[in-house]
Amino acid sequence: MIMSNFWSIWISVLTIVVIVGCFILLKLVNKNYTGVEEGKSMGHEFDGIEELNNPLPKWWAYMFYLTIVFGVIYLALYPGLGNYKGLFGWTSSNQSIGTEQGLKADSAAALEAAKAENRLSQYDREVAQADEKYGPIFAAYLATPLEELVKDEEALKVGGRLFLQNCAQCHGSDARGSKGFPNLTDGDWLYGGDLATIKTTLMNGRNGMMPPKGGLPIEDSEIEGLAEYVVKLSGREHDEALAAQGQGSFMKGCFACHGMDAKGNKFMGAPNLTDNVWLYGGSRGVISESIVNGRAGVMPAWKDILGEEKVHVIAAYVYSLSNK
């Protein structure tokens with residue numbers, strides 16, 4: 001990606017100023033401006049500890065000089081100063097592939113042409129080598145129905161590693177999620193937990209949206225009662241009179257998404273309010289916050305990031321987490 005000239009100059013100047021500043025600072029602190037001979041007392045003492053005018057250790061100063069020299073050499077050889085490509089012309093992406101042929105960078109024809117002309121970057125060469133080596137393995141996985149793949153221990157290990165690399169940032173390394181990120185091990189699903197639905201979720205992503213107050217004519221004075229009714233729905237101790245008031249607010253239209261029985265709607269991703277499983281928290285305060293402010297959750301689509309072959313394996317792994 002090419003940045004604008006302004007930002008290129010800004011980054012380059014700032015980087016050079018910092019390096020030069022470090023060099024000047026190091027030179028200054030290595031000079032004695034105190035008027036006290038090195039090794040002699042500075043005249044400060046506290047609790048039996050006396051301050052001496054000692055210079056920086058030479059090994060420390062030399063190491064700092066070496067890091068400055070290394071930084072200068074690196075920035076001369078590799079990209080790091082704005083749009084400057086470096087003397088080696090190294091790049092981590094193949095964004096220039098196909099520009100002459102008028103093809104997109106991800107075009108198979110452009111990729112093959114770039115391979116033939118040795119125009120691939122180091123990163124893209126490594127990706128191409130990995131695809132040649134592991135591509136047939138993932139193609140075989142894709143050809144295997146998910147119902148059979150979930151029984152393949154080796155495939156599940158591969159899916160687990162892919163999950164850790166791409167999904168654990170949100171769902172956690174143990175897949176138990178956190179506030180706003182679903183637990184994938186408990187069998188409670190917003191959109192459905194069958195194999196086909198899990199794969200669809202991974203491929204296309206999901207966009208969950210609950211508007212503030214459900215987009216309904218609910219007054220602020222009704223929030224406490226509505227939250228109490230939701231507490232009642234999940235089978236917890238509650239104020240019966242307050243919950244009865246909240247039920248009237250629920251019937252203003254909350255049932256359109258959550259259902260008359262409040263068991264949710266998997267077609268819309270509306271959660272079941274009766275099972276005491278909470279994505280954002282089930283306290284009265286958090287429930288009220290969800291009602292007042294609404295909630296918006298987004299899961300990205302992985303089909304263009306990982307490809308269907310890898311998504312297929314991850315889907316089998318995710319299914320296995322709640323179906324041992």
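Not measured: the values here are computed from a predicted model.
Shown are E240, H238, Q247; of these, the side-chain hydrogen bond (donor to acceptor under 3.5 Å, both in side chains) with K232 is made only by E240.
Between K199 and E308 there is a salt bridge, with a side-chain nitrogen of the basic residue lying less than 4.0 Å from a carboxylate oxygen of the acidic one. A salt bridge does not link R236 to E228: none of the charged side-chain nitrogens sits closer than 4.0 Å to a carboxylate oxygen.
Scanning all heavy atoms of the two residues, the minimum distance from C257 to M268 falls at SG-CE, 3.4 Å. Contact detail for S234 and V231: the closest heavy-atom pair is OG-O, 2.8 Å. Across all non-hydrogen atoms, the minimal contact from P271 to H258 is O-ND1, 3.0 Å. Nearest heavy-atom pair across G82 and S12 is N-OG, 3.6 Å. The two residues L195 and A315 come nearest to each other via the heavy atoms CD2-O, 4.4 Å. For the residue pair L26 and A61, the shortest heavy atom distance occurs at CD2-O, 3.8 Å.
Atom CZ of F88 is separated from atom CG of L77 by 4.5 Å, given to the nearest 0.5 angstrom. To the nearest 0.5 Å, atom OH of residue Y65 and atom CZ of residue F23 are 5.5 Å apart. Atom CG of L233 is separated from atom CD1 of I287 by 9.5 Å, given to the nearest 0.5 angstrom. Within the model, atoms CG of D194 and CD of E147 stand 9.5 Å from one another, a figure rounded to the nearest 0.5 Å. Note that the CD1 atom of I291 and the CD atom of E224 stand 11.0 Å from one another [nearest 0.5 Å]. To the nearest 0.5 Å, the span separating CD1 on I19 from CG on L14 amounts to 10.5 Å.
Of the possible donor and acceptor atoms, none in the side chain of D47 sits under 3.5 Å from a partner among the backbone N and O of I49. Remark: the backbone N or O of V36 is paired with a side-chain donor or acceptor of N32 at under 3.5 angstrom. Using modelled atom types, one side-chain atom of Y84 and one backbone atom of A76 make a donor-acceptor pair closer than 3.5 Å. In terms of modelled atom types and a separation under 3.5 Å, the side chain of K179 and the main chain of G281 share no donor-acceptor contact. Although no hydrogens or angles enter the test, the distance criterion places a donor-acceptor pair under 3.5 Å between the side chain of S320 and the main chain of Y317. Side chain of S178 to backbone of F181: no donor-acceptor contact under 3.5 angstrom is found. Looking only at distances, no side-chain donor or acceptor of H171 sits under 3.5 Å from a matching main-chain atom of F163. When atom types are taken as modelled, the side chain of T197 and the backbone of G193 share no donor-acceptor pair closer than 3.5 angstrom. Checking side-chain atoms of S8 against main-chain N and O of N83 turns up a donor-acceptor pair under 3.5 Å. Checked by atom type and distance alone, the side chain of E148 never pairs as donor or acceptor with a backbone atom of P145 at under 3.5 Å.
Using a 4.5 Å heavy-atom cutoff, the side chains of E289 and Y280 are not in contact. Taking the side chain as every heavy atom from C-beta outward, V150 and N323 never approach each other to under 4.5 Å. With contacts defined as side-chain heavy-atom distances shorter than 4.5 Å, the pair L164/S173 qualifies. When side chains are defined from C-beta on, N204 counts as touching K303, because their heavy atoms get closer than 4.5 Å. Contact of the K310 side chain with the W302 side chain is not registered, since no non-hydrogen atoms from C-beta on lie closer than 4.5 Å. Between I218 and L226, the closest side-chain pair of non-hydrogen atoms falls below 4.5 Å. Taking the side chain as every heavy atom from C-beta outward, N30 and F64 never approach each other to under 4.5 Å. In this structure the side chain of T200 reaches within 4.5 angstrom of the side chain of R206, judged on heavy atoms.
W10 and F6 have parallel rings, their planes meeting at less than 30° on a 0 to 90° scale where 60° marks the start of perpendicular.
Cluster annotation: M251 is connected to I223 through the hydrophobic network of ILVMFWY side chains, with a link wherever side-chain heavy atoms come within less than 4.5 Å. A single hydrophobic cluster is seen to contain both L202 and W189, as judged by linkage of ILVMFWY side chains at heavy-atom distances under 4.5 Å, directly or through other members. In the hydrophobic clustering of this structure, V69 groups with L81; members are Ile, Leu, Val, Met, Phe, Trp, Tyr whose side-chain heavy atoms approach within less than 4.5 Å, directly or through other members. At a threshold of 4.5 Å between side-chain heavy atoms, the hydrophobic network of Ile, Leu, Val, Met, Phe, Trp and Tyr places M299 and V277 in two separate groups.
For Y134, the OH atom counts as loosely surrounded, since its 6.0 Å shell holds 12 or fewer non-hydrogen atoms of other residues, nucleotides or ligands.
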